[in-house]
Amino acid sequence: TTGQVSTSLGGETVFSLNRREAEQQFNDLQTSRSNPGSHFSGVLSAARELSGYQSPEEVGQPVFAGRIQRDGYVIEKYFVQGEGDYVIPYLLMIPEITNGKALIYLHPAGKAAEASADGELEWFVRNGFTVLAPDMIGVGEMGPGDVSNYATQVKDFDGTSFDVWTASVLIGRSITGIQAGDVVRLTRLLESHIETDEVFGVARKQMAPVLLHAAAFEPSISRIALVEPYSSYREIVNKRFYDPGYHISTVAGAIGVYDLSDLAASLAPRKLLMAGVTDGAGRYSDREGVNEDMSVIREAYMRVNKNDQLMISTGDVSDYLYDLLKEWIE
């Protein structure tokens with residue numbers, strides 16, 4: 001009656017077949033989580049291998065590219081060698097009055113997204129932080145450029161091309177793993193070139209998995225804040241119509257072995273803020289799957305008696321985000 005075999009005769013789709021197999025893998029992961037001692041000891045090694053993360057062997061000398069003076073702080077422009085044959089451009093925002101701490105800020109739209117006067121970066125600078133905001137490989141100046149024609153051909157996926165992610169799978173790595181390695185590179189650059197007591201990390205939306213991987217592998221990132229992160233890779237697999245912009249931050253083969261909530265749990269007892277958690281479609285959600293993901297993290301912090309170091313919100317936090325961030329930095 002519908003003209004489609006799959007809908008008229010109760011047939012299967014690639015999505016339904018994949019989801020059925022994934023559900024069994026999720027069950028296996030839950031079984032593994034029931035023994036935290038052995039489970040979490042293997043999470044980091046599995047994440048390293050599957051993501052293709054490579055710890056930076058050395059940090060190059062940054063190249064100065066310009067300076068902008070603003071009231072109370074200065075913005076310096078630099079670039080530094082990345083893992084491969086590319087550079088990482090970044091802004092370094094230095095306050096006149098510093099609190100002795102530095103912060104790496106990751107935004108899916110790049111370093112310029114919140115760098116305007118009265119932007120989010122300025123808020124951190126006004127609170128005494130030296131802020132490093134990079135354009136990671138594939139983002140901002142280092143992004144794909146205009147993919148609007150491609151987007152039109154594939155029914156407008158908001159300019160999202162799946163080609164780069166597919167290429168990363170073919171070489172046995174992931175964009176997330178490569179970017180995480182560069183985040184660790186920038187962390188070490190801050191520690192060696194800036195007088196700082198601690199390095200904090202903030203990431204928005206699909207950059208949250210990058211920061212989670214980097215922080216899990218690099219203990220010197222002492223506090224982590226994720227703004228509007230999607231809760232898990234499981235949420236992507238379970239959503240027939242997930243946000244296509246999220247695909248670039250997924251890791252092939254992770255399902256059933258580890259998930260983002262496992263990486264977040266591994267951060268305990270470091271201070272962790274998850275503000276405005278969403279599902280795989282980018283909607284604020286407290287649905288069952290998202291709650292299960294958050295429970296993994298809460299239980300990990302409870303095991304080390306550090307509940308006060310964990311802040312989670314699954315609703316829209318846009319009206320009070322700065323209040324949450326203020327509590328997180330104190």
Side-chain angles (χ1 to χ4, degrees), residues 21-57 168-169 172-185 187-188 191 198-201 203 208-226 229-237 249-274 277 289-312:
E21 182 175 345
E23 283 298 333
Q24 180 57 55
Q25 293 174 316
F26 293 141
N27 291 336
D28 294 341
L29 180 58
Q30 283 292 82
T31 301
S32 177
R33 286 169 175 168
S34 64
N35 189 347
S38 61
H39 172 70
F40 286 104
S41 64
V43 162
L44 295 187
S45 60
R48 284 176 181 270
E49 179 180 356
L50 291 172
S51 70
Y53 169 83
Q54 294 180 4
S55 181
E57 295 182 358
S168 73
V169 174
R173 301 189 68 187
S174 70
I175 304 303
T176 291
I178 295 170
Q179 291 177 334
D182 281 336
V183 171
V184 173
R185 189 183 313 277
T187 300
R188 296 177 183 174
E191 292 174 326
E198 291 182 270
V199 177
F200 293 9
V210 176
L211 182 57
L212 274 177
H213 282 78
F217 304 144
E218 183 61 35
S220 63
I221 303 176
S222 60
R223 296 191 188 187
I224 300 89
L226 311 177
Y230 63 89
S231 66
S232 64
Y233 290 149
R234 177 174 71 167
E235 272 295 303
I236 303 294
V237 174
S249 59
T250 59
V251 173
I255 296 299
V257 181
Y258 80 96
D259 213 325
L260 299 178
S261 49
D262 297 295
L263 292 180
S266 75
L267 301 179
R270 283 181 273 175
K271 198 164 189 177
L272 171 63
L273 166 64
M274 301 182 69
V277 179
V290 174
N291 283 333
E292 287 180 10
D293 296 328
M294 296 303 100
S295 68
V296 173
I297 307 168
R298 290 190 176 99
E299 289 169 7
Y301 276 78
M302 287 176 61
R303 281 194 295 272
V304 294
N305 296 316
K306 289 294 183 179
N307 294 4
D308 58 334
Q309 294 290 88
L310 177 64
M311 305 161 58
I312 296 178

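Source: prediction; values computed, not measured.
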If every non-hydrogen atom of [X] is compared with every non-hydrogen atom of [Y], which pair is closest and at what distance?
{"X": "Gly253", "Y": "Leu50", "answer": "O-CD1, 3.5 Å"}
{"X": "Phe217", "Y": "Pro219", "answer": "O-CD, 3.6 Å"}
{"X": "Thr176", "Y": "Pro209", "answer": "CG2-O, 3.9 Å"}
{"X": "Ala265", "Y": "Ala300", "answer": "CB-CB, 3.5 Å"}
{"X": "Ala216", "Y": "Leu263", "answer": "CB-CD2, 4.0 Å"}
{"X": "Thr187", "Y": "Ser220", "answer": "CG2-OG, 3.6 Å"}

Short question: side chain of [X], backbone of [Y] - any donor-acceptor pair under 3.5 Å?
{"X": "Ser51", "Y": "Gly177", "result": "no"}
{"X": "Arg270", "Y": "Ile221", "result": "yes"}
{"X": "Arg234", "Y": "Gly289", "result": "yes"}

Identify every side-chain donor-acceptor pair in residues 30-46 under 3.5 Å, counting partners at least two apart or on other chains, and give the distances.
from, atom 1, to, atom 2, distance (Å)
Gln30, OE1, Arg33, NH1, 2.7
Thr31, OG1, Asn27, O, 3.0
Ser32, OG, His39, ND1, 2.7
Arg33, NE, Asp262, OD1, 2.9
Arg33, NH2, Ser261, OG, 3.2
Arg33, NH2, Asp262, OD2, 2.9
Ser34, OG, Thr31, O, 2.4
Asn35, ND2, Ser38, OG, 3.4
Ser38, OG, Asn35, O, 3.3
His39, NE2, Asp262, OD1, 2.9
Ser41, OG, Gly37, O, 3.4
Ser41, OG, Ser38, O, 2.7
Ser45, OG, Gly42, O, 3.0

Drop me the distance from [X]'s [atom1] to [Y]'s [atom2], to the nearest 0.5 angstrom.
{"X": "Met274", "Y": "Leu260", "atom1": "CE", "atom2": "CG", "result": "8.0 Å"}
{"X": "Leu212", "Y": "Leu267", "atom1": "CG", "atom2": "CG", "result": "6.0 Å"}
{"X": "Leu273", "Y": "Leu226", "atom1": "CG", "atom2": "CG", "result": "7.5 Å"}
{"X": "Glu299", "Y": "Ile297", "atom1": "CD", "atom2": "CD1", "result": "10.5 Å"}
{"X": "Ser231", "Y": "Asp259", "atom1": "OG", "atom2": "CG", "result": "8.0 Å"}
{"X": "Tyr233", "Y": "Ile255", "atom1": "OH", "atom2": "CD1", "result": "9.0 Å"}

Answer yes or no: is there a side-chain heavy-atom contact under 4.5 Å between [X] and [Y]?
{"X": "Asn307", "Y": "Met302", "result": "yes"}
{"X": "Val251", "Y": "His213", "result": "yes"}
{"X": "Asp182", "Y": "Gln179", "result": "no"}

May I have all residue pairs that pass salt bridge (Lys or Arg N to Asp or Glu O under 4.0 Å) and include part of residues 211-222, sequence neighbours excluded?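 Of all non-adjacent pairs touching residues 211-222, those that pass salt bridge (Lys or Arg N to Asp or Glu O under 4.0 Å) are Arg188-Glu218.
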